[in-house]
Engineer: 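Sharing a structure below in structure tokens format, with a few things to ask.
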Amino acid sequence: MKKALALLLVLLLALALVACGSSSQAPASSGDSEADAAPANTTVVVAFGGGFDTLDPGYTYERNPPMVINACYENLFKFYSNEGAPEPCLVDTYEFSEDNMKLTLTLKDGITFASGNPMTSEDVRFSLMRVKNLKGNPSFICDTIASIDTPDEKTVVLNLTQPDSAILSKLTYASCAVLDSVLAKEHGATDAEDAATADTAQAYLNNNSLGSGMYILTSYVPDSEIVLEKNPNYWGTPTNVDKYIIQIQPDSNTQMMTLKTGDIDIACNMSDDTMAELAGLDNIALLSSASKTVGFIMMNLDEQYGGPVSDPLVQQAIRKAVDYAGVQTICGEGTSTPYSLLQTGFMGAKGERPVDYTDVEAAKALMAEAGYPDGFSIDMPVCDLDMEGILLTDLAQKVKSDLAQINIDVNIVPYPWAAGYGDEYRNGTLGFTVMYWATDYTDPNVQLEFLAGGIVGLRAQWTAENDPEIAAYYQKITNATDNAERTALLEEMQEKTYEHGPFLMIAQAPVHLGYNTRLDGVAFSDPYVVDLTQVNLK
Amino acid sequence: MEKLQFVGRRILYLIVMMLGVATLVFLLSKMIGDPISANLSQRALSDPQIVEAYKAKYGLDEPLGTQYYLYMKNLLHLDLGTSVRTNTPVLGELKRCFPATVELAFTAILFASLFGILFGIISARRRNSLTDQCVRAISVTGVSVPGFWLALLALYFLYYKHAIFPGPGRLSNQFLAPRHVTGMFVLDSLLEGNVDKALNAFGHLLLPGLVLAAFTMGLITRTTRSNLLDVMGTDYVRTARAKGLSEGALIRKHAIGNAIIPVLTVIGLGLGNMLGGMVLVETIFNWPGVGQYAYQSVMSADFPAIIGVSLLIALNYMVINTVVDILYGIIDPRVRCQ
């Protein structure tokens, strides 16, 4: 038995040595040993986090899948850069009707799907109506589309339920990607009203793409890996990357290590700490940028829930007492503090709240004026979620220490989201909390929900009735399809809410990205994380 | 006939237990989580039409009793239902992620058993020596160190700093995943006739396998040592020693057989534990196994998937216990006689 055991150990050791030797070749730079794999030097390996369950555009809602959808499908409009307005992609020309209730779009000529089928207006109509009727998470994006007419193969007319200045941005959303309707129907997709139960294409679309994008989806192993290969029928000009392997690596340390060793080329979910580990390396470039995810303090306007923080003077004192620079330090490089309700980087944003805005003495004076010269104690329920990796409890601790300077004794109460925080937050019965908001789509109008009468506004009991002036901005901005007019209104809205209302935006969370310098064109993108169709090998 | 009765009793027990587990997990998952608020976005939740459509799609609009009846009816037809998170059949998802866990768990239990028994024997033979103290220290460390921390350390030093082992994942990027036959990459690569790929897949198993093995190896070492010491103190061993047998032959021929029986139980429990998936280790090593699937399912209150994983774990333990019982009989004739 002893000999057998020893023999087994020796065999195992020998096998392990051989296996380690064969596995230690750097895959991204080594020669390819397989005929069925693409040449390694034109293959780019990307790592991003998990937490998503589908690559069917009709159900895509989470943050990371749009990277894949954007590579395999195309939309009527697209954000070619992270700043500014959406630009036409599949669309050649577009025009709003005078009453802004119709949007007429003309498609570009010569667009074909990966299947070789030409793209027509029917494909556009089918894709948008499918999203609407699937009644899934992203269906809200088509809420303002009442119906779609296709007078000819190149013309699409969107009939809107109301003027919608965000409609072009909404059409850039991953869910509004245009599918090859002929093939989609063959695989069980439907745009009928009962699509929520009748559509059976999700399983197929999880493993295959039916778009006109630069790449085609060739493999998807959930929680593990996605493989994209070049679309041989691509109608546009492709980049020089032949293949993408997208690894799902939820841990930022793992991403850091695999980037450094050359196993991956782009790490999308780095943290402040892991960025520091890679700083100064010749072959690694690092990017830190503010995302559109924003952390905020909510002060309920209903005294029943908010108690003293429902008082506008106390709210103003809190605005003056928060140490914004300190919050930025906690959140890490790339963090910014929005001027008001609109994040920096959005069209019409007024930039950042001035660093010297904090004034503890003025805050104390406001507290005295409000009738609280000796301060007060208040509970702050905080949930177990994180904002782009930053724990809300960490933000709450910072708020607690800042407010202690004006004698507000904040008692942080841990309150898990699933244990009731979520319900109370949605019902508007939380008095004083720190929370975050991740944008649904890339358009300043998403922030209108923070206004009086908006979805988030109501969570602080900020109703349209008790603040009609602010509530009116919702409709005014939604109706303003002219960008100049919308920008002016957005700026006005930010001024009005700069020192007014139940919300105080304290930090726009940073995102950190690292990539191998053999690549060109890597940049952080709000809608797509990284736009793979703009990445080239040097 | 007796053997058939034994097997029959086992199967009956298995079925009753599975139904019990399914019922318990169904009720618990209904009590502690709401799949609607866990899977629909805040915007979608504010739209009653979307909420209604979601409920109708997954039968959540039915009374709890009806939901239970439908679920159990499908279960009796071996249909584990459709995941409310991914909208795909749970059975298919388990078929995808379980082989990855099996491959890793068997590697880990092989390491744990080999090193654990070896260390246990060495430790017992050199009782209270420096070697014994070192082995005991290693086994206590293995049992005490949290798996995720060991995983991070192992990855940091043995992959990142010194490149001794390959990195996370099941296969290096230059290889395509082998055609799915068993779902286990080493075996499937060999079936494809690609030895390079099989070796690469085996290389990727080593580091997570060793990390997972640490805990069970510690237990096996300690159990082997203490049982061997007990057996070595018995009368029949003393008699054998008096006959002039060498210490090695004594252990090999007389002691180890009796000492190994409780070790088998530890190995069985360890394997059952690993087959249930190790969430953090799987996450750190980017291993798409049952642990990650179970974690995602719990976070989404995905009750068909949670029940599916629970049944799988229960089945694992039942099968392993049966195998361990059979091994008892092979190793110890007294068990066979009973």
Side-chain angles (χ1 to χ4, degrees), chain A residues 1-2 5 8-9 12 15-16 18-25 27-28 30-34 36-37 40 43 45 50-51 53-54 59 61 135-137 139-140 196-197 202-203 206 219 221-225 227 245 247-251 253-254 257-258 260-261 263 418 422-423 426 440 455, chain B residues 33-34 37-47 49-50 53-54 56-57 85-88 93 96-97 110 114 117-118 152 155-156 159-160 163-170 172-177 194 196-197 199-200 202-204 206 248 252 256 283-286 288 292-293 296 301:
Chain A
M1 180 157 175
K2 197 176 166 187
L5 201 65
L8 193 59
L9 273 175
L12 205 61
L15 198 58
V18 175
C20 283
S22 83
S23 304
S24 58
Q25 305 156 16
S30 67
D32 197 338
S33 64
E34 291 222 334
D36 57 352
T43 297
V45 186
D53 315 307
T54 183
Y59 289 101
Y61 180 71
K135 295 189 174 65
N137 275 326
S139 295
F140 75 90
T197 47
Q202 190 180 359
N206 277 346
S219 158
V221 181
D223 300 327
S224 179
E225 190 177 273
V227 180
I245 298 173
Q247 295 190 345
I248 298 163
Q249 293 186 356
D251 182 50
N253 277 303
T254 309
M257 288 189 261
T258 47
K260 168 99 183 280
T261 54
D263 280 350
D423 290 337
R426 280 194 294 271
D440 293 311
I455 290 174
Chain B
D34 174 18
S37 59
N39 289 285
L40 288 183
S41 67
Q42 291 186 31
R43 269 196 194 265
L45 281 169
S46 60
D47 184 337
Q49 274 194 328
I50 292 179
Y54 188 83
K57 187 171 184 174
R85 177 172 67 96
T86 63
N87 196 25
T88 49
E93 306 221 312
R96 170 180 61 76
C97 57
L110 185 67
L114 279 177
I117 293 172
L118 188 69
L152 280 173
L155 204 60
Y156 187 79
Y159 159 68
Y160 178 59
I164 297 168
F165 289 95
R170 298 181 72 187
S172 294
N173 291 324
Q174 75 263 35
F175 293 104
L176 296 178
N194 192 332
D196 279 351
K197 194 188 281 188
L199 280 173
N200 189 282
F202 182 69
H204 279 81
L206 293 174
R252 203 166 55 244
I256 196 72
T283 301
I284 290 163
F285 283 103
N286 194 25
Q292 285 210 52
Y293 180 68
Q296 300 280 0

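Chain letters run A, B, ... following the sequence lines, proteins first, then strands; residues in each count from 1.
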Engineer: Non-hydrogen atoms of chain B under 4.5 Å away: do they reach the side chain of A:Gln249, the backbone, both or neither?
Structural biologist: both
Engineer: Once you round to the nearest 0.5 Å, how far does CG of A:Asp223 lie from CZ of B:Arg96?
Structural biologist: 6.0 Å
Engineer: Report the option among B:Tyr54, B:Tyr293, B:Tyr156 that has the most heavy-atom pairs separated by less than 4.5 Å from atoms of chain A.
Structural biologist: B:Tyr156
Engineer: For the interface with chain B, which of A:Asp251, A:Asn253, A:Ile455, A:Ile245 has the highest count of heavy-atom pairs at distances below 4.5 Å?
Structural biologist: A:Ile245
Engineer: Are B:Thr86 and A:Pro222 side-chain neighbours, meaning at least one heavy-atom pair lies under 4.5 Å?
Structural biologist: no
Engineer: A:Phe140: what forms a ring-ring contact (aromatic ring centres under 6.0 Å, His included) with it, not counting sequence neighbours?
Structural biologist: none
Engineer: Counting N and O atoms only, with roles assigned by atom type, does the side chain of A:Thr254 sit under 3.5 Å from a partner on the main chain of B:Ile284, one being a donor and the other an acceptor?
Structural biologist: yes
Engineer: Can you say whether A:Asp440 sits under 4.5 Å from chain B via the side chain, the backbone, both, or neither, judging by heavy atoms?
Structural biologist: side chain
Engineer: If we define contacts as heavy-atom pairs under 4.5 Å, which of A:Ile248, A:Thr197, A:Val227, A:Thr54 has the most with chain B?
Structural biologist: A:Ile248
Engineer: For residues B:Asn173 and A:Gln247, determine if any side-chain heavy atom of one lies less than 4.5 Å from a side-chain heavy atom of the other.
Structural biologist: yes
Engineer: Suppose we screen for salt bridge (charged side-chain N to carboxylate O under 4.0 Å, His left out). Which residues come up paired with A:Asp423, at least two apart in sequence or across chains?
Structural biologist: A:Arg426
Engineer: I need the B:Thr88 OG1 to A:Gln202 CD distance, nearest 0.5 Å.
Structural biologist: 7.5 Å
Engineer: How long is the straight-line distance from CG of B:Leu40 back to NZ of A:Lys135, given to the nearest 0.5 Å?
Structural biologist: 13.0 Å
